[in-house]
Amino acid sequence: MSITDQSDDITHPGEATGLVHDGQLRSPHGETSEALYLTSGFVYDSAEAAEARFKGEDDGYVYSRYGNPTVAMFEQRIATLEGAEGARATSSGMAAVNMALLSQLQAGDHVVAARALFGSCRYIVEDLLPRFGVASTLIDGCDLDAWQAAVRPETKVFFLETPSNPTLRLIDLDAVCGIARQAGAQVIVDNVFATPLLQKPLQHGADIVVYSATKHIDGQGRCLGGVVLGRTETLDGPMKDFYRHTGPSLSPFNAWVLLKGLETLPLRVERQCANATAVAEALNASANVSRTLYPGRADHPDFNLAQRQMRAGGTMVAFDLAGGKKAAFDFLNTLKLIRISNNLGDAKSLATHPATTTHQRLTEAQRAELEIGDGTVRLSVGIEAAGDLVADVEAALAAI
Ligand SMILES: *Cc1c(COP(=O)(O)O)cnc(C)c1O
């Protein structure tokens, strides 16, 4: 579909069905809903059976740090959605990012990353990796020449987010993956903002996709979770031992919540995209707003790329208030329905002032590089009635 036509279904054929049924491991009891295997360990019928499991001759479960049937159902369901050979679920999005990077890298390697990264991702790339001898270069991800120029013989990984947080700028996945292939580097894409429905990085040449499942996949603000998706050879390569022995595993309880979240993901994201379109329109109509950033709008700087790369404009809207911090705080403090929170992807609409919260750690110059001003506000648009959201936004704009 065209991203300007929000009335169309955002899912590819079969996806909505797969998200309800794929991966279910139905027990002999014949339960309708997926079973929650809330167990840390597993018992064996004999010492010989235990030996065979540990030798890997029998692929049953050993310990929930290695694998668990409820977690496996979640992994299978999301792997099918992503079109990935496999998935490894983790306890948070950051555990997924950390595993995707650390399991691939060693001292002497080099990482190139787009600097518009989620704050904790930027900490890993900028502060943590160099402590272990992995050099990193942060660049403007929208500038293709900058990716090329940053490549060194020892470059092993390209890491990026698109759309970026919070200004929703896009990076050309086909082009960046092409540069990486030439450089012999792997591309890791943090696809949280796009959701697995709206953008398929593996189809554009990415090697690994990571999610914070805490966001749209849970979608109801209940639990943390994450997932790494990619080829079997990657997941069963160095990542396998990393996963088993460093303990980023997802709790079966949270896996069950996320599995149920996947069932309703298309319904929620479709509604969120439609609501985001309406909210962006209301923002753009206000004289208090100097710039509205929504990838589904023709006035977005990366609109043409969004048309090629995404199936809809997404659930996030960013905008700049001409009145700076005072205007932004007036706006946030007047909102009634939309709550102030740094979370995103929730059924509930949430508003953030990045300069004083999520991006507070950065210097003013670093924020300026990312085009985060004192008047920048980020909205994560939920599934409420569009008219109620627009009314809340209009009342808050009027109070500035
Ligand atoms: C939230 C988020 C993360 C981290 O996920 P957690 O589940 O909070 O650990 C990483 N990347 C992006 C883009 C996010 O929005």
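Counting starts at 1 for both ligands and their atoms, in listed order.
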Begin with the C-alpha distance, continue with both residues' side-chain angles, and end with the deciding distance and a verdict on side chain to side chain contact (heavy atoms under 4.5 Å, CB included) for C273 and L198.
-> CA-CA 10 Å; C273 290; L198 304 183; 3.8 Å; yes
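Using a 4.0 Å cut-off to heavy atoms of G93, the atoms of ligand 1 that qualify are 5 (O), 6 (P), 7 (O), 9 (O). Counting the atoms of ligand 1 from 1 in the order shown, those under 4.0 Å from a heavy atom of S92 are 7 (O), 9 (O). Applying the 4.0 Å criterion to heavy atoms of E161 picks out, from ligand 1, the atoms 13 (C).
Between Y66 and Y63, the ring planes lie perpendicular to each other; the angle is over 60°, past the 30° to 60° tilted range.
Scanning the protein heavy atoms around atom 9 (O) of ligand 1, the nearest turns out to be M94 N, 2.9 Å. If you check which protein heavy atom lies closest to atom 11 (N) of ligand 1, you get D190 OD2, 2.6 Å. Taking atom 2 (C) of ligand 1 as the reference point, the nearest protein heavy-atom neighbour is K215 NZ, 2.4 Å.
Between D374 and K325 no salt bridge is recorded (no basic side-chain N to carboxylate O distance below 4.0 Å).
In the displayed structure, D59 atom CG is contacted under 6.0 Å by at most 12 heavy atoms of other residues, nucleotides or ligands.
Evaluated by nearest non-hydrogen atom to atom 8 (O) of ligand 1, the leading choice among G225, C121, P166, S212 is S212.
Under a 4.0 Å heavy-atom criterion, N165 is not in contact with ligand 1.
Shortest non-hydrogen contact noted between L337 and D392 is N-OD2, 2.9 Å.
Other residues sharing the hydrophobic cluster of L350, ordered by chain and number and joined by side-chain separations under 4.5 Å: none, the residue standing alone.
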